[in-house]
Each structure stands twice: as C-alpha cells, then as structure tokens.
Amino acid sequence: MILQRLTLDNFRQFKGNQIVGFAQPGEKNVTVIHAENGFGKTTLLNALRWGFWGKMTKDMMRPEKIITECVATNDADANNTKAFVEIRYSHEEEDFILKRSITLAQQRHDFRQPELELHRVVNGVPEELKNPMALINGHVPEAMGDFFFFNGERIDHLAFDENAHQLKEAIYNVLGLELLENAIENTEKSVSQLRKELVKYTDHNGQELLNQSRAFEEEIERLNNEVKNHLDNQKAYQDEVQTISRDLEANEESRLAQLRRSDLENTLKAQNEALSDNESRIKKLLNEKAYYLLSDRLTAKGQETVERLESEGILPPKFTTTVLDQLLESEKCICTQELTSGSPYRAAIEELVSRASDKSLDEATQTMKTALSNLTTGGIDQKDDFKNSKERIDEIRANIGGLKDEIREISRKIREGDDEEAQDLESRRVSLTEKIKELSIDIAMKQNDIEEKERQKETIDEQATAAELADERGQKIQKEISAADKAKKLMEAILESEKEDLRAELNTAIQQNFSKIIQKPDFKIELTPDFKLRVTKSTADGPEDVARSTGERQITSLTFIASLIALARARKNIPTILENLWGGDFPIVMDSPFGTLGNTYRGRVMEWLPQVAPQVTIFVSDSQWQGKVEEMVGDKIGEEYLLEYHAPRANELAAQKAVIRGQSYVQFHESEEEFTDIIKM
Amino acid sequence: MAEEIAQSNSMQIFREAGDTEQKIASSAIKLIRRKKQEPGLNITAELTKVIKEITP
C-alpha cells in the first residue's frame, strides 16, 4: 500500500479543505512535513489512522471533537456541518479512494460511528465497493498501524520482550503467513463440521467420543478468547504505564527518580534475558551430558577394575599383540636386546604373544580404556562448565535482587514524596504493574491448559476417526476427516518451515541495517525464534545481553520495521507455496522520527531509511531538522510542507520560525481562533 | 539464498505430501484469498464442500 494523497476537510485543527501529496517510490521518495510540537503533527498522523480505521491514538485529547471547533459551533447546522478525511492510495497495482466522514449531528450522537466509502478507480472512474472496512483491513490491517504510522519517541516499546507477539503478528501479516494461519484455522473448522455430521453414523461409543471432542473444542475456543482478551488488556495497561512514566519524567519532583528507574529497568531486562540464556544452557548440559556429571565414581571404579584385571593377567597387558609382533619381526626388543631365533629373549616374547590371545579382545580392551579415560577428562570439563554456569546464574540472580530492591525503593520514595500528582501517578503505576503481572501468570496457565486440552482432543479424535463403521456414508465422512486433518498438518509443517526461513532472512536484514546505524562492531542484534529482539555484545566469556538505552531501543524497533517493510517488497520474489504472493509495498510515516537520538544517529537513520523503505514521510520540528537530517534527506525530498499554526499564543518551547535550507519561514501566527494550515513548499 | 531455502524446504514438504492433501491445502489458501475480495464468503462451508468433492 502506497499513499498518494491525503485530503482533510475541517478535521480537528485543520480548518477548511487542505491537501498533502506524498512523494512516490523512487529516488525522491521522502515527504517532509515541518512542524513544531503542538502545531498539528500528531493530528496529521491521526488523520491517516482515523481515515483507515476510524480510530485515533490514545494520546489524542478529546477524541470526540473531530470537526474543527470553530466550525462546529452551537449554532451551526448539525446535519450540514461535517468533517472528512479522504485518502488516495495504491495497493497491488490498483488505485483506491477512501473517504471517512462525520456530520456534527453524528458526532454529537456517537463520534465512533463515522461513515465510510471506498472506491476502486478503474480507467479513471471511481467504482464504489461493498464491505469497505473488510477490504481496507485486507490492504492495511489495523494491527499494522503501529508499524506504519507511528511516533518515533514511543517506538522503543517494540524492542521489549513482552511485545514479541506484536512483532510476530506484524511478520505474519506483512509476509503473507497469515494466509496460511487462516487456512489452517478454517480447515480445522471444516473438520469440526464433518465430525458433527459423523455423529449420525456412529454407535453410542462413537457419539460419546465425538461429544467429548466437541466439548474440548468449545473449551479451547473459550480459553483462546480469554487469552486474547488478557493480551489486549495487558497492552492497554502497558501503554498506560508508559504514559505515566513520561508524565513522571515531566514532573519536576519525580523526574530524576523516574529516569534512574528507567535505567534500572533496562538493566533488569538485560539481566533477566541473561538469566534465561544461562538457565537454558544448564538445562541443555544436563539433557545432553548429564552422564558426564553423574558417572565419575562409576568411571573411577571401572578404571580400578581394568587395572586389577590386567595385573592378574586376565585382561591383555598394557601393550598390544601388534606391538609384540612388530618387535619379533624387527628381531630387536625396545630395550635393544637382540631377539634372534632360538634366543631365550625371543622365546619370552613369543610366550607373551600366546597369552595375549586374539586381536579382538585387545581392541575391545583398548577401546574400553580409552572410553573410560575420555569419560574422566570429559567429566572434569563438564563439571567446570556446569560450575561456571551455576556461578554465573547465582551472580545474575544476586544482581536482579539488588536491582529490584532499588526499583522498589524508588517507587516508595515517589509515593511518599511531597508532590501529590507524582504520588497519584506512582500509585496508579504500581497498581497497573501488578495487574500486568497477574495477567501474565493467568495467560501462562491458560496456555498450558490449552496445550493439554489440545493433546487430549487429538487422542479422542483419532479414536473417533478410527472406529469401524458399517454405513458407507459414515466411512466416506471418516475419509474426509482424515484427508482434511492431513491437509491441516501439511499446512502446519509448511507454515513452520516458511516462518523459520523468513525469520532467518529478516534476521540477516535486521543485522545488516542495525550495524549501519549503530556502527559498534561488537554489538549484534538477533530476532530470536520466539520473535524477541535481542542485542548482545561480544565479550571474552561469550555474548552478553546489553541493557539498551531508550535511543538504542528506538533504533532497534525502527530497524525491525524498516527491515520488515524491505523484505515485504522482496517477498514476491521469494518462491513459496503461496502462489502469486504479494508481500507488498508499505509506507513509513513517522512523527518525531528521531525520538531521543543525537545528531549523528539521526543522520545515519535518514541516510539509510529511504533506501530500504519505498515511501518515507517524516514530521520534524526545526531542532530535529537542522544538521545531519537536512544534510542526508535534502536530495531525496519529493514533497515538502510546512504546518502554519494560528492561535492566541504558541507553546513557549516552539520555534516561531523554521529555517529550511537557509531560508526563514514564519510558522506561528497570532489569531483569535486556533487552527493549522498546510503550506506546500 | 532465500530462493534455495524456500525451494528446498516448504515446497519440498508440499511435493512430498499426498495428492488429496495438496489439493485441500491449495483450496483452503485460495478461499482465504478470495475472502479478501468477497468479505461475505463462508469459507468453512465452501471448504467443506471442496473436501467432500476431492476425497475419493
């Protein structure tokens, strides 16, 4: 999906009819919108979200006020006063026009029920389409909103482990794996339907099994819905915690404490990841090499026994018959004594050879002794490894304990401080954090329960399907169920294979892109098999998890998004069972794209981003624009705009003029009414 | 590299499956794609029909 044009009509502070044209894919694929904070950047970003999905981000104040306030006055004609957002875009080589509108009357009744039209443009003529919302979600799913239209200062949350499911969802959506997932789900539903049909042809036992299967199915569905609700609630609480954290940072009383806590929490996350890695390592060691750790007494006993048997002459001596044969052949002993025929020395060696018996016993004895020796050496190595891992785990646990204590202490100080606002915020934060933790526990329990019930259901289904039926129609349905089940397993195997292949491709892209921005050769990023973004640093003891700063997490998240979008472009060229799969082109629209990044990182981001994403739109303030960004973006700008803000007074921190390529532009005008104009440059 | 991987993994898995399973899987995927253009399509009903037709 590539944006072509955005038209606003009396939408929020954008009074009248205003247009933004977007730079198209190619050499000049960047659209720049210059605007200070408070001049309308976030509203413009939300115009896209509201247009596509009828919703705005949680930080939009008074979301019920969609129509420009100075237009939606009390004496305005409620049925003829309206606002709309029109978005022209292309998707899979077709052009579409989306229009979402709301009248004042509708806004007063329920602002969440705007009207929506979608047209496909065929030979220049718009043709209206039915079910617009379903089609739009097919072009640009709402779940992808955070990945295409986002605030750069808030993007860092994607780099947290707890948001791994969001990353997975994005990958599945953008790279077409969702098709396979849905196909599997619907095949399961068909199987379920066929089992219901089978009931008619089964005996009492068969019916009982099918009833049990259905009961499991309903229970699994209920649990899955609960897990989904919990995840949605968790996300909402996490968003609120982030908002509270920002508010605490903005509060004079709590600012330093909150900044310190952020640092500690980053370090805590890295330590938890390190703990998890080390625990996995020990588990692997125990699974694969426990015998080394547990067999030392047995090994010693074995060696003792072998030595005793050798000394008693029951086992061949320490030298093999091969050695003795070589001595006889050379007619010289290793002590240099001649072993000529008839000599007593030769006779003594020949007597030993006769006692040494056959080669196979020699070889067996030597093999056993080598094995015992390896076990002893290996056991020592593994014990050292185990001991080091255990010590490392103990050290990490101690660190984690210390960090948690310090974080708890910060919380206590804020709650008992002098500032009431900070106290309230902190109390709310504590309460939300508890709820998030409780939900995590419940989710884990429910997921275990789901897995167990799926296993039980599978056993019952196999029994039901295998039952012998007399009726031919019943037999046919059994075959249909069996075939559909196999098809489902086939798709699951394909999904697993494609998921892993694409993850590996994406991982390579993420690593390459990350290193272009971070430029620290000993830092490495990885998208793990469970979709977490991990950053490690090479040390003498192996890779170590890095506690990332907010800026580094922003870069991690941005790297993921851009790499995903770049891979989506290449998706259609990657052979797959999904014929004619079009991963598609997707835009990146970023408000305050650089978050807390310094000038150097900003420059690197803007040098790299237009190369990997087909279409980039950035909303930048004057301070974000100056320096490396202007230098890197300059020759890639396809469209450029300035937001001119009119109001009784501007934010004190907002620059009244923007300096763009050496020229000064007024961007604030004093006015009785508050509104924003979009000026094309 | 991606081409080689995809060719050797998922497409191989598909090729090694039985004819009936291949047809059912392909039909399921086609129906999901159709749904994007025809939101009112009842995939379960259509797929069940297809399974009945395909299964010998």
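Throughout, protein chains are lettered first and strands after them, A, B, ... in sequence-line order, and every chain is numbered starting at 1. Hydrogens, waters and symmetry mates play no part in the numbers below; they use all other heavy atoms, side chains included.
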Does [atom1] in [X] sit with more than 12 non-hydrogen atoms of other residues, nucleotides or ligands closer than 6.0 Å?
X        : atom1 : result
A/Glu128 : CD    : yes
A/Lys486 : NZ    : no
A/Arg222 : CZ    : yes
B/Lys35  : NZ    : yes
A/Lys476 : NZ    : yes
A/Glu492 : CD    : yes

Going from [atom1] on [X] to [atom2] on [Y], what distance comes out if it is rounded to the nearest 0.5 angstrom?
X        : Y        : atom1 : atom2 : result
B/Ser26  : A/Leu490 : OG    : CG    : 8.5 Å
B/Thr48  : A/Glu197 : OG1   : CD    : 7.5 Å
B/Arg33  : A/Asn182 : CZ    : CG    : 12.0 Å
B/Lys30  : A/Leu179 : NZ    : CG    : 13.0 Å
B/Glu21  : A/Ser482 : CD    : OG    : 8.0 Å
A/Asn186 : B/Asn42  : CG    : CG    : 9.0 Å

Closest non-hydrogen atom pair, B/Lys52 against A/Ile477: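 Taking every non-hydrogen atom into account, NZ-CG1, 4.4 Å.
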
How close do A/Met491 and B/Ala25 get, heavy atom to heavy atom, and via which atoms? CG-CB, 3.7 Å

Which of the residues A/Gly138, A/Ala483, A/Ala493 is involved in the greatest number of heavy-atom pairs with chain B at under 4.5 angstrom?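 If we count pairs closer than 4.5 Å to chain B, A/Ala483 comes out on top.
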
Contact class of B/Thr44 relative to chain A, heavy atoms under 4.5 angstrom: both

Tell me every residue that passes salt bridge (charged side-chain N to carboxylate O under 4.0 Å, His left out) with A/Glu185, counting only those two or more places apart in sequence or in another chain. A/Lys189

Quick check on the interface: out of B/Val50, B/Thr20, B/Leu31, B/Ile24, who has the most heavy-atom pairs with chain A under 4.5 Å? B/Ile24

Chain B contact via [X] - which portion, at a heavy-atom distance below 4.5 Å:
X        : answer
A/Glu480 : both
A/Glu188 : neither
A/Leu194 : side chain

